[in-house]
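Here is the structure we will look at.
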Amino acid sequence: MNCIACQSTDVTRIDLNFDPHCVTSDCQPVRYRPNIYFCQHCSLVQKKIDQDYKILTQQIYQDYKIYDQAGGVEQAVFTQTGDALPRSQVIIDWLTSHVKLGEQGKLLEIGCGNGSFLRSFAQQREWVLTGTEFDDRNRQHIEAIKNSRFFNGDFVEINEQFDLIVCIHVLEHIYDPREFLLNCSQKLTPTGKILIEVPDLDSSPFDIFIADHCAHFSINSLIKLVHRCQLKVVSISNRVVGKEITIVLERDQSTHYVALVATYQALTTGLAEKINALSPDRTICIFGSSIAATVIASKLSTKIQFFVDEDQSKIGNQHLGLPILAMNEVPAGAVVVLPMNPSTALNIANRLAGRDIEFLF
C-alpha cells in the first residue's frame, strides 16, 4: 500500500482491533471495520482505499443528510462565555483577521453543502461566489444566495481562477489529497488563498471512527502535505473551532518559479531534440525573432535557415546573420518551429493551418 498523501511505501498498519461499529460524517451508524495505516514518511494516519471502501463511501454520500440533527442548520461554535455562533461566521472572522481580502473578488467553495459558508460570506462582501457539489440536491439553496452560482461536478472543469478557494471538511474525504491541492493551486489568482478546515486527530481521536474520512490529519501531517504541493502556510490554528484545524495557504512562489523555469528548460531541450531528429534535407525556420527564438537558434544555429515573423518592422531584416521572412514567403514543405508554451503554439498552428508547412512544438 502507498500513502495517499506522499505515495511512500513506508506505511505501517496500526492494529486497533476495531469492532464493526463506526459512523458516517453525517452521524449515522454504519457497520465497517476500518484498516488504519500510518505513513512513516509524512506522518499521515489513513484508511486503506480499496474498491470495497470506495463503494461504501459512495453509498454514504448518496444517502447523506447534512446537519440532519439540526434540520439542515450548521453546527454552532461555543465561545468561552458560552455564546453559540455559527461555525462559518467564526471561521470567516478568523480568516479576515489574518488575511486581507478585497471588497470584491471571486470565491470558490468546493463541497459547499447547503451553502452555510457562502451565505455567511455573502453578508460581508460583494464577491462573485461559486459553490460545487457532487449532486444537485442543494442547487436551489446555493443559487438563492446573493451573487452565487452552483456547479455540479469536478471543480477542475471550471475554467476560471479565484481569489479564495474554500474547502471546509472536504480534504479528509479525498482519495488523493496531494492531487486535489495541486488542482486547487492551479485555480488561484497570483495572490489567491486557500482556506481549509479539517478535523484535528490529535484532539479528536474519535475521527478514526468516521467511515468516510479516509485521511486523519494532525497539524504536522497537514503541513507536510501542503509543502509537497508547492503551497505555503499563511496562518494555521487548532483553536478557531474546537477539535479542528484551520489553515490558510498561498502559492509558494519560490518553488513555483523554480518549477516554471525547469518546465521551459525542458521545452527548449525537447524542441532541440525534435529538430535534430529531422531529415538533414528539411528546410527549418523559427517562428518569431525575439527571446525564445534566439534561445532555440543559438542551440541549433547550423540547422536553422531563417526566421519567420508577422511583425512588419522586422520582415526583410536579419537576425543572427539569418534573414527574417514573412509567413507567405515560407516555402512549401518547410518546418516552422514554434518556441513557446504548448497552448500558445497550438493556437498559432491552428490559426495558420491550411498552408503546406509543418509546425513543430
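One-based numbering along the sequence shown.
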Partners of [X] by side-chain hydrogen bond (donor to acceptor under 3.5 Å, both in side chains), sequence neighbours excluded?
X      : result
Thr57  : Tyr175
Tyr37  : none
Asp311 : Ser313

task = Take atom CD1 of Ile291 as the centre, draw a 6.0 Å sphere, and report whether it contains more than 12 heavy atoms from other residues, nucleotides or ligands.
result =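 Atom CD1 in Ile291 is not crowded, with 12 or fewer foreign heavy atoms closer than 6.0 Å.
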Within [range] or reaching into it, pairs that qualify as salt bridge (Lys or Arg N to Asp or Glu O under 4.0 Å) - sequence neighbours excluded:
range            : answer
residues 330-345 : none
residues 173-189 : none
residues 203-220 : none

Of all heavy-atom pairs between [X] and [Y], which one has the smallest distance, and what is that distance?
X      : Y      : result
Gln265 : Thr268 : O-OG1, 2.9 Å
Cys6   : His41  : SG-CD2, 3.6 Å
Leu338 : Ala345 : CD1-O, 3.4 Å

Margin query: By the side-chain hydrogen bond (donor to acceptor under 3.5 Å, both in side chains) test, which pairs, at least two apart or in different chains, include something from residues 45-56?
Written below: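 Sorted result for residues 45-56: Lys47-His216.
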Any side-chain heavy atom of Val241 sitting closer than 4.5 Å to one from Glu197?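 SC-SC contact between Val241 and Glu197 confirmed.
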With a 3.5 Å cut-off and sequence neighbours excluded, list the donor-acceptor pairs that the side chains of residues 281-288 form with protein atoms.
from   : atom 1 : to     : atom 2 : distance (Å)
Asp281 : OD1    : Ser279 : OG     : 2.4
Arg282 : NH2    : Gly333 : O      : 3.2
Arg282 : NH2    : Glu358 : OE1    : 3.0

| message | Going by side chain to side chain contact (heavy atoms under 4.5 Å, CB included), name the residues that satisfy it together with Ser203, two or more places apart in sequence or in a different chain. | response |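 Result, side chain to side chain contact (heavy atoms under 4.5 Å, CB included) vs Ser203: Asp200, Lys243.
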### Partners passing ring pair (Phe, Tyr, Trp, His ring centres under 6.0 Å) against Phe150 (at least two apart in sequence or in another chain)
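Residues passing ring pair (Phe, Tyr, Trp, His ring centres under 6.0 Å) with Phe150: none at all.
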**Asked** According to the ring-ring contact (aromatic ring centres under 6.0 Å, His included) rule, which pairs have a member within residues 108-143, sequence neighbours left out?
**Response**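 For residues 108-143: Tyr61-Phe134, Phe121-Trp127.
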Worksheet item: What orientation do Phe307 and His319 show, parallel under 30°, tilted 30 to 60°, or perpendicular over 60°?
Response: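 Ring orientation, 0 to 90° scale: tilted.
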Which atom pairs, one a donor and one an acceptor, fall under 3.5 Å between side chains of residues 346-353 and the rest of the protein, sequence neighbours left out?
from   : atom 1 : to     : atom 2 : distance (Å)
Asn347 : ND2    : Ser343 : O      : 3.3
Asn350 : ND2    : Leu346 : O      : 3.3
Arg351 : NH1    : Glu310 : OE2    : 3.0
Arg351 : NH2    : Glu310 : OE1    : 3.0

